[in-house]
Amino acid sequence: WIQKTNGLLADRFSWAMASGAPLLANDSSDDVVFWELLSSHFITRLATQGWLFIAPLVLIRFTPGRLLGAALWGLATMLATALLTPGLGAWADQTDRCHVVTLGVLAQALAVLGSTLVLAVAFQAESDESSWLALTLFTGFSVLEKLGTALSDVAVKREWAPRLFQGERLKRTNSLMSQIDLFSETLGPFIAGLLITPSLGVLPSEVVGFLAVGFLNVLSFPPQLLLLRRIYAARAEKLQPLKAEEVQRKANPLAPKGGAWSTWFHHPSGIQFLGLSYSLLYLTVLSPHGAFLTAHLAQRGVPSYQLSLLRGAGALLGVLGLLAHPRASESLGHRSADGLFVSWLSGCTLLALLAFSQAADMGPSFALLSFMALVCLARPGLYGFELGVLNTEQELSDARHRSAIGAVDSALTSFATLVMYGSGIVLGRPDQFGILVDCSTFFVTLGAVTYLLWMLLYHSHRHRHCEEGDEHGSHGHSHGHDTFHAHEEHTHTLQQEEALTDGWHEHIHFHKPQICAMQ
């Protein structure tokens, strides 16, 4: 897609220079906007993954021989993200979309530049005091970078994509973005690893490599912002904030009287189940590229090449899950397909727990290799489910509060990551890793159960909302049967209100399990 987009951009630039037309004109086709959005996502993801790869290596230099620096950095960034992103999301819903992404990208650029300069100065000093000061400044800039990333990512994925595209084009956009995420998780660290390895001769020292990765990350933000602003210029009418009268529309139950958390809590269609089920999957150490699992396997004597294969296999199988999701949705329906993916994840995790319990304490064994293989085999379930939840939430989230809902989801996953970091610190001995595996299995299974519960309690029915005095009461459902079932009123999103035709519409809402609902 990069090659195709570069060709489109080059043609556009040449035409603009020849004709004197403005470069940011609003005549881009949907295809151009589509590839520009993906290119922007690819550029920032690739550079960010390289930066995240070197961050733990840098932090170890600040606290030699201890993981304290990395632990404090992880706890601070996750806590700040969990506490502050919901408020940022609520603000973004009421703010010019171009200003939101511009602020988010500039915050990231400033934070990475500041972090890189801190490294350049800190590596020249030797004292403990300067190391702690550098750790504090590096962590502070990292918090700013995380907030900027959350702001721009939520805006683009949760707000821009569903406004720019509909139907299959939107689902394809979500799928390709997820594939870019997985591809970047492998390529970004690989490139960064080449730059920080002096023996390869790419750069003269590890320190120079750290600084090079930082400055390359800084250089990735201008093209990302240029592409996003081009998209905004081409589709400004679709990306405007909703008018005040629409946000405060009569009978709107989601007006953020209590902020983003209140909006999320009172949102209809059971979107809370989706956010909780997905965030519970973050309460795990069973990730092929996770720091805790990698460190534990290394302590058990697993060779480095097997750890590299573990990471690569996890990413490859994750891509297979993303590619399988559309076909599974066509065959089973998107809700059943998502249920299958998360059940696959839970099943593989349970089998991994059994294999781990049989593994020897030291050295590779058949049981330990089986454990590693099952951790990888679970990835298609995770990434297929992640894509399905994103598609569902984009469809169900009220158009007035998409950024707020997305920000709360981000906060929930940050809280889960925060708990995982804390658990890894408290249960840090090699003989305690089994406890972390037990807890990971429990929470992944709980996440699957939460989603299946949502499938049981929330259904899509064609139904009618009746006026007062109607013989059927205030609300009813046809359920596809000849009889008319009375039901209490439920709240609606903006899209659901606009879909009403003579009092009739169809959408997902809470419905107590009944025999007719199971047929």
Side-chain angles (χ1 to χ4, degrees), residues 43-85 88 102-153 184-185 188-198 202-225 291 295 414 417-418 421 425:
I43 291 169
T44 184
R45 280 299 184 198
L46 184 64
T48 297
Q49 288 300 329
W51 177 253
L52 291 177
F53 174 75
I54 71 163
L57 305 178
V58 168
L59 292 164
I60 291 176
R61 285 175 165 260
F62 293 150
T63 55
R66 294 179 293 174
L67 295 177
L68 181 61
L72 292 175
W73 172 80
L75 290 172
T77 53
M78 289 299 106
L79 182 61
T81 303
L83 295 178
L84 299 178
T85 49
L88 288 174
T102 300
L103 179 62
V105 173
L106 291 180
Q108 293 175 73
L110 176 62
V112 175
L113 179 60
S115 298
T116 306
L117 294 177
V118 167
L119 298 183
V121 175
F123 289 152
Q124 304 301 317
E126 299 293 339
S127 65
D128 290 340
E129 291 80 3
S130 61
S131 293
W132 281 106
L133 177 61
L135 174 61
T136 302
L137 292 174
F138 187 86
T139 302
F141 281 121
S142 296
V143 168
L144 178 61
E145 191 267 338
K146 286 286 290 183
L147 294 176
T149 300
L151 189 62
S152 57
D153 275 9
S184 301
E185 283 183 10
F190 175 76
I191 295 174
L194 294 178
L195 295 177
I196 65 175
T197 306
V202 179
L203 291 174
S205 69
E206 186 180 51
V207 171
V208 175
F210 287 147
L211 300 179
V213 172
F215 283 119
L216 287 175
N217 195 7
V218 173
L219 293 176
S220 72
F221 294 115
Q224 177 200 6
L225 183 58
S414 295
T417 306
L418 187 65
Y421 270 114
I425 294 172

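Below, each value reflects all heavy atoms present in this structure, side chains not excepted, and no hydrogens, waters or symmetry copies.
- Residue pairs satisfying the side chain to side chain donor-acceptor pair (under 3.5 Å) criterion with at least one member in residues 47-57, sequence neighbours excluded, are absent.
- Under the side-chain hydrogen bond (donor to acceptor under 3.5 Å, both in side chains) criterion, Ser152 pairs with Gln108, sequence neighbours left out.
- Interatomic distance, Phe138 CZ to Thr116 OG1, rounded to the nearest 0.5 Å: 8.0 Å.
- Between Leu117 atom CG and Leu137 atom CG the span is 11.0 Å, to the nearest 0.5 Å.
- Applying the side chain to side chain contact (heavy atoms under 4.5 Å, CB included) criterion to Leu147, with sequence neighbours excluded, gives Leu84, Thr85, Leu88, Val143.
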Apply side-chain contact (heavy atoms from CB on, under 4.5 Å) to Leu216 and Leu195, showing your working. CA-CA 11 Å; Leu216 287 175; Leu195 295 177; 3.8 Å; yes
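- Evaluation of the side-chain hydrogen bond (donor to acceptor under 3.5 Å, both in side chains) rule for Ser142 yields Trp73 as partners, not counting sequence neighbours.
- Of the inter-residue distances, the one linking Glu145 atom CD with Leu52 atom CG reads 6.5 Å to the nearest 0.5 angstrom.
- Counting heavy atoms from C-beta outward, Phe215 and Val112 have side chains that stay 4.5 Å or more apart.
- What you find for Pro189 and Ser184 is that their closest heavy atoms are CD-O, 3.4 Å.
- Here the closest heavy-atom approach between residue Phe141 and residue Ser115 is recorded as CB-OG, 3.1 Å.
- Applying the side chain to side chain contact (heavy atoms under 4.5 Å, CB included) criterion to Leu225, with sequence neighbours excluded, gives Thr102, Val105, Leu106, Arg229.
- With sequence neighbours left out, the side chain to side chain contact (heavy atoms under 4.5 Å, CB included) criterion links Ala107 to Leu144.
- Looking at Lys146 and Asp153, no side-chain N of the basic residue comes within less than 4.0 Å of a carboxylate O on the acidic one, giving no salt bridge.
- Evaluation of the side-chain hydrogen bond (donor to acceptor under 3.5 Å, both in side chains) rule for Thr136 yields no partner, not counting sequence neighbours.
- The heavy-atom pair separating Ala120 from Leu211 by the smallest distance is N-CD2, 3.7 Å.
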As a quick check of understanding, evaluate side-chain contact (heavy atoms from CB on, under 4.5 Å) for Phe53 and Val213, giving each step before the final call. CA-CA 10 Å; Phe53 174 75; Val213 172; over 6 Å; no
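- The nearest pair of heavy atoms linking Ala192 to Gly50 is CB-O, 3.7 Å.
- Between Phe62 and Leu119, some side-chain heavy-atom pair lies under the 4.5 Å cut-off.
- Here the side chains of Thr81 and Thr417 are not in contact, with every heavy-atom distance at 4.5 Å or above.
- Going from atom CD1 of Ile43 over to atom CG of Leu219 covers 11.5 Å, rounded to the nearest 0.5 Å.
- Not counting sequence neighbours, the partners of Ala76 by the side chain to side chain contact (heavy atoms under 4.5 Å, CB included) test are Thr139.
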